Amino acid sequence: MAGNMLANYVQVYVMLPLDVVSVDNKFEKGDETRAQLKKLTEAGVDGVMIDVWWGLVEGKGPKAYDWSAYKQVFDLVHEAGLKLQAIMSFHQCGGNVGDIVNIPIPQWVRDVGATDPDIFYTNRGGTRNIEYLTLGVDDQPLFHGRTAVQMYADYMTSFRENMKKFLDAGTIVDIEVGLGPAGEMRYPSYPQSQGWVFPGVGEFICYDKYLEADFKAAAAKAGHPEWELPDDAGEYNDTPEKTQFFKDNGTYLTEKGKFFLSWYSNKLIKHGDKVLDEANKVFLGCRVQLAIKISGIHWWYRVPNHAAELTAGYYNLDDRDGYRTIARMLTRHHASMNFTCAEMRDSEQSEEAKSAPEELVQQVLSAGWREGLHVACENALGRFDATAYNTILRNARPKGINKNGPPEHKLFGFTYLRLSNELLEGQNYATFQTFVEKMHANLGHDPSVDPVAPLERSKPEMPIEMILKAAQPKLEPFPFDKNTDLPVKDHTDVGDESTRGSRGTCEN
């Protein structure tokens, strides 16, 4: 029976603090981190996740990498007997929900933007976003002779060479490749740093000269040289009906609107495909899983236009699956999909936002499972209450425990956001321990679960037409139970139900 039950075990990771490595690339919290890791080990967690900031490691100049601080952190994680998920964080820290420190992308990269500001994502008003380089420069050799994709590939190669000890030891099991702001594969369509406030629809972010030229060429090739980028989609804090683009029978339903949305979302998929192909070459043969993160844009999900998802680059409508296309691209690279907002209940959301996080989670997880992917989740906001944990448990095993073997669907893993002293104290810690136990199907911690096989080479490039076949017909998501069959119970529940060539391999 225990063997069969083990197939229901969902791994639990905890995200380390944003500033575990300081803004001057030093590790100064050794004693504190060691004590925290000990508490996590005692709680039975499987591992931790960490942002490996590009802005710190390659901050001094091109190819001048300094991994020393991260090696010290990884040593502590290894000593604690925990697994490690490493995020290749090619984005800025600061300007998003929960960001408490500011780590920009490397200064020497930003210096290129002083003479060519179009290296940054740009909105229709011309405002630049310096969180992440525009995907328009993926193949432009503007950075001391390197393209953006080459910089990302070189960084990952240096990581692999410098962290060989941890890769060979099986400590590092997951490489999450940052593909946009907040490390998520999306456009920076809702930046708080530029005044966006929930639940604004956000803006399309493709008005740098590189993406604009790409669109004009694509439109001309399609026989419409007169088509321009949208000028009727409103501003960050508009509601859909205030815009011509998203209103009922708006531009998004016209031939021109559909062409633009396809182009915009396809560019994002191709960006992910390109960077993952490089990551796959770098980590080929390593016992790691590649992963990407998709943002949980749950506001305006209940209206036909799905406006906030569209501006972020997810071409998802009531009759079109904007997530299964991404999942299909990932199958080529043996990569997994990490999705957020796993703790949210519809009943906790305000009515005005037309928000549906539960249906969104159901759709995205189903899309990943249909394409045969490992699917993982995170919570979007810090929570310590049973309501949130029970929602995560429900999403982790949508039809509950199967005592005779693997459940029909389950998460490959869950990462709790984020490690803090508050999590490790008193009732919060007790409730978290219970949650971990339930995720492990009451079996206790087992390091042998889901061993990672050596990474195989990506399959041949998939034509975009083949990827887009996953969009329609949009299938019903798999059924999810209303509640988990292994609930956490506590007495402090604050949840409110009302409210190029190979780059070298690890195994030779």
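The first residue of the sequence shown is numbered 1, and numbering continues consecutively from there. Fair warning: this is a prediction, and the values are worked out from it, not measured in the lab.
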- prompt: Under the 3.5 angstrom rule, does the side chain of Asp214 hit a backbone N or O of Tyr210 as a donor-acceptor pair?
  reply: no
- prompt: Can the positive tip of Arg287 be found less than 6.0 Å from the middle of the six-membered ring of Phe283, inside 45° of the ring normal?
  reply: no
message: For Phe478, does the six-membered ring have the charged nitrogen or CZ of Arg370 within the cation-pi criterion, i.e. under 6.0 angstrom from the centroid and within 45° of the normal?
response: yes
- prompt: Without hydrogens or angle criteria, can the side chains of His306 and Asp318 be said to hold a donor-acceptor pair below 3.5 Å?
  reply: yes
- request: Taking the six-membered ring of Phe480 (Phe, Tyr or Trp), confirm whether the NZ or CZ of Arg394 is under 6.0 Å from its centre and within 45° of its axis.
  value: no
Geometric class of the Phe435/Phe432 ring pair [parallel <30°, tilted 30-60°, perpendicular >60°]: tilted
task: Please determine, by modelled atom types, if Gln11 and Tyr13 share a side-chain donor-acceptor pair under 3.5 angstrom.
output: yes
task: Output yes when a side-chain donor or acceptor of Asp481 lies under 3.5 Å from a complementary backbone atom of Thr484, and no otherwise.
output: no
NZ/Lys258: more than 12 non-hydrogen atoms of other groups inside 6.0 Å: no
message: Please find the pair of heavy atoms, one from Ile205 and one from Tyr121, that lie closest to each other, and give the distance.
response: CG2-CB, 3.4 Å
- prompt: Taking everything shown except Lys38 itself, do over 12 heavy atoms lie less than 6.0 Å from its NZ?
  reply: no
query: Taking the side chain from Gln150 and the backbone from Thr147, do they hold a donor-acceptor pair closer than 3.5 Å?
result: yes
message: Does the plane of the ring in Trp263 sit parallel, tilted or perpendicular to the ring in Phe215? Use 30° and 60° as the thresholds.
response: perpendicular
- prompt: Quick check: does any side chain N or O of Arg186 sit under 3.5 Å from a backbone N or O of Gly313, one acting as donor and the other as acceptor?
  reply: no
message: Centre-to-centre under 6.0 Å for Tyr152 and Trp54, is that the case here?
response: yes
task: Take Phe27 and Tyr70, measure what ring pair (Phe, Tyr, Trp, His ring centres under 6.0 Å) needs, and give me the verdict at the end.
output: CA-CA 7 Å; Phe27 180 46; Tyr70 282 102; 9.1 Å; no
- prompt: Any chance the side chains of Tyr9 and Asp46 put a donor and an acceptor closer than 3.5 Å?
  reply: yes
query: Can His271 and Asp138 be counted as having a side-chain donor-acceptor contact under 3.5 angstrom?
result: yes
field: Modelled atom types, side-chain donor and acceptor of Asn25 and Trp53, under 3.5 Å
entry: no
Single hit among Tyr187, Tyr315, Tyr264 for ring pair (Phe, Tyr, Trp, His ring centres under 6.0 Å) with Phe204: Tyr264
field: Validation row: Thr325, Leu468 side chains within 4.5 angstrom (heavy atoms)
entry: yes
Distance (rounded to the nearest 0.5 Å) between Phe339 CZ and Leu365 CG: 8.0 Å
message: We want to know whether Asn280 and Arg457 form a side-chain donor-acceptor pair, criterion being a heavy-atom distance below 3.5 angstrom.
response: yes
message: When you measure from the side chain of Asp51 to the backbone of Ile87, do you find a donor-acceptor pair of N or O atoms at a distance under 3.5 Å?
response: no
message: If only side-chain N and O atoms count, and only distance matters, is there a donor-acceptor pair under 3.5 Å linking Tyr132 with Ser89?
response: no
